[in-house]
Colleague: 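Take a look at this one; I'll ask things after.
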Amino acid sequence: MEVESILQKLNQELLQASNPKQLEVIKLNYLGRSGIINDLAQKIKEIKPEQRSEFGKQLNLIKQEVTKILESHKIKDSENKLEIDNSIPDKMPSTGSLHPTTHAIFQIQDILSQIGFVRKRYREIDDDWHPFKALNMPDNHPARDEWETFFCENGKWVLTPHTSNGQIWEMENKKPPIKMLNITKTYRRQISPKHSPMFHQFEGLYVDKNVSIAHLKGTLDYFIKGFFGSNRETRIRPYHFKFTEPSFEVDITCDVCKGKGCKVCKAGWLEIGGAGMVHPNVLKNVGINSKVYNGFAFGFGVERPYMMKGDINIPDIRMFYTTKLDVLKNF
Ligand code: FA5
């Protein structure tokens, strides 16, 4: 029995085989019931008894080799197939997730639209009129300093430092009743764990007849309980903004100490934003008769309130915009 010549012949046949069917035929020719190896086994009867043991060893060796060669060609064949068959789907690329700011914006929009606020997106680069002058802040008024604004072209344009410019755009373009929600990017020359030079704000504006502070408080309560959970309380305390009168700062109970007072908060309360009744001068600036109509407005950050949610652990506001995937992947 010529082991070498059998294996050589097999290798030649395999080289010419180009698909799994041909491979299967070769396998049957060698290992099948009436294949070459079984034929050889039948010949054992014709062999002298003293040579039978050697013949058996050779036969086993050839069977093992043939099986090994056929197996290795099976693998190669399927590998080739993957290379050339473009219809086989590849591994899916990993899918991303929404940015935490987008999560927050969707939630804010969802809660406030339930009570009739219509989402708008007003300018991020604006003139001086909308974010300042029309909001009762004349040229050179010291209140302008509070916004730490980025100016362009010597003050001709500003990167809007708050979403309150949206109040003016909305009232210039629409007659009351108005119920608007402006969510957009805002910019200030500030950077710290609580301050980002680019951040987001949302602004609610309601203008109609006989609007009261009770309506404002009810709206704030509705939002705060929807966003933070029904256990969180809201309070408003007197403050000053040039575009509202009276003006308030809005606080919510601290989630860490549950309102008792701790290191994170001020005596159990956390500040979340500003609010107030729209100033009559502002209504006048947009041509709305303040003897017939009045309204309220509120403006909060997006990232900072999101950080104040009990189940969110973002200790530094700048983490929102560092594009570190190990942080962002958690949302
Ligand atoms: C204002 O911007 C007023 N326009 C809010 C307002 C609207 C008052 C309507 C009355 C009526 P204030 O400067 O406090 O207010 O900013 C509001 C919120 O924006 C802050 O409470 C904070 O959550 C967020 N914020 C302000 N500056 C930054 C900053 N640099 N980075 C991140 N968030 C900020």
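For ligands, and for the atoms within them, numbers begin at 1 and follow the listed sequence.
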Colleague: Just jot down the ligand 1 atoms closer than 4.0 angstrom to any heavy atom of I317, in number order.
Modeller: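 The list of qualifying atoms is 32 (C).
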
Colleague: Going by the order shown, which atoms of ligand 1 are within less than 4.0 Å of some heavy atom of Q190?
Modeller: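 Numbered from 1, ligand 1 contributes 27 (N), 28 (C), 29 (C), 30 (N).
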
Colleague: Testing the basics here: between G32 and N38, what is the closest heavy-atom pair and its distance to 0.1 Å?
Modeller: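 So the minimum-distance heavy-atom pair works out to O-ND2, 3.6 Å.
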
Colleague: Please state which protein non-hydrogen atom is closest to atom 19 (O) of ligand 1 and give its distance, to 0.1 Å?
Modeller: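 Atom 19 (O) of ligand 1 sits closest to the protein heavy atom Q201 NE2, 3.1 Å.
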
Colleague: Does even one non-hydrogen atom of F248 get within less than 4.0 Å of ligand 1?
Modeller: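 No, F248 has no heavy atom closer than 4.0 Å to ligand 1.
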
Colleague: Of all the heavy atoms in S164, does at least one lie under 4.0 Å from an atom in ligand 1?
Modeller: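 It does, in that a heavy atom of S164 comes within the 4.0 Å cut-off of ligand 1.
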
Colleague: Closer than 4.0 Å to some heavy atom of Q167 - which atoms of ligand 1 meet that?
Modeller: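 Answer, ordered by atom number: 9 (C).
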
Colleague: Out of Y239, Y187, F199, F202, whose heavy atom sits nearest atom 34 (C) of ligand 1?
Modeller: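 Residue with the shortest heavy-atom distance to the ligand atom: F199.
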
Colleague: With the threshold set at 4.0 Å, does a side-chain nitrogen-carboxylate oxygen contact exist between K68 and E65?
Modeller: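 Counted as a salt bridge, because a side-chain N and a carboxylate O are separated by less than 4.0 Å.
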
Colleague: To which of H162, E249, R188 does the heavy atom nearest atom 12 (P) of ligand 1 belong?
Modeller: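 Looking at heavy atoms only, the winner is R188.
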
Colleague: Of all the heavy-atom pairs spanning N294 and L283, show the shortest one and how long it is.
Modeller: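 It is CA-CD1, 4.1 Å.
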
Colleague: Go through ligand 1 atom by atom and flag the ones less than 4.0 Å from a non-hydrogen atom of K194.
Modeller: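 Matching atoms, with element in brackets: 31 (N), 32 (C).
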
Colleague: At what distance, to the nearest 0.5 angstrom, does CH2 of W169 lie from CG of N182?
Modeller: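 Result: 11.5 Å between the selected atoms.
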
Colleague: Taking the non-hydrogen atoms of E303, is any one of them nearer than 4.0 angstrom to ligand 1?
Modeller: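 Contact check E303 vs ligand 1: negative.
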
Colleague: So is E146 close enough to ligand 1, meaning a heavy atom under 4.0 angstrom away?
Modeller: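 Checking ligand 1 against E146, which is what was asked, there is no heavy-atom contact under 4.0 Å.
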
Colleague: Tell me, please: is E148 in heavy-atom contact with ligand 1, that is, under 4.0 Å?
Modeller: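 Distance cut 4.0 Å: E148 fails for ligand 1.
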
Colleague: Could you tell me whether F106 atom CZ has more than 12 heavy atoms of other residues or ligands within 6.0 Å of it?
Modeller: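 It does not: F106 CZ has 12 such atoms or fewer within range.
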
Colleague: What part of A275, side chain, backbone, both or neither, has a heavy atom within less than 4.0 angstrom of ligand 1?
Modeller: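 Just the backbone.
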
Colleague: Determine the sole option in Y187, F243, F298, Y122 for which the ring pair (Phe, Tyr, Trp, His ring centres under 6.0 Å) test with H162 is passed.
Modeller: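 For H162, the ring pair (Phe, Tyr, Trp, His ring centres under 6.0 Å) test succeeds with only one of Y187, F243, F298, Y122, which is F243.
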
Colleague: Any idea which atoms of ligand 1 are less than 4.0 Å away from a heavy-atom of F298?
Modeller: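 Every atom of ligand 1 under 4.0 Å from some heavy atom of F298: 7 (C), 9 (C).
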
Colleague: Which part of W147 is near ligand 1, with near meaning a heavy atom under 4.0 Å away: side chain, backbone, both or neither?
Modeller: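 It is the side chain that touches ligand 1; the backbone stays farther off.
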
Colleague: Write out all pairs satisfying ring-ring contact (aromatic ring centres under 6.0 Å, His included) with one or both partners inside residues 247-282, taking only residues at least two apart or from two chains.
Modeller: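 Qualifying pairs, neighbours excluded: none.
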
Colleague: When you check the gap from the basic side-chain N to the acidic O, do D39 and K43 get nearer than 4.0 Å?
Modeller: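 Looking at D39 and K43, the cut-off is not met.
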
Colleague: Considering only heavy atoms of H195, which atoms of ligand 1 have at least one such atom less than 4.0 Å away?
Modeller: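 Every atom of ligand 1 under 4.0 Å from some heavy atom of H195: 29 (C), 30 (N), 31 (N).
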
Colleague: At their closest point, which heavy atom of T163 faces which heavy atom of Q201, and how far apart are they?
Modeller: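 Scanning both residues, the minimum pair turns out to be N-OE1, 2.9 Å.
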
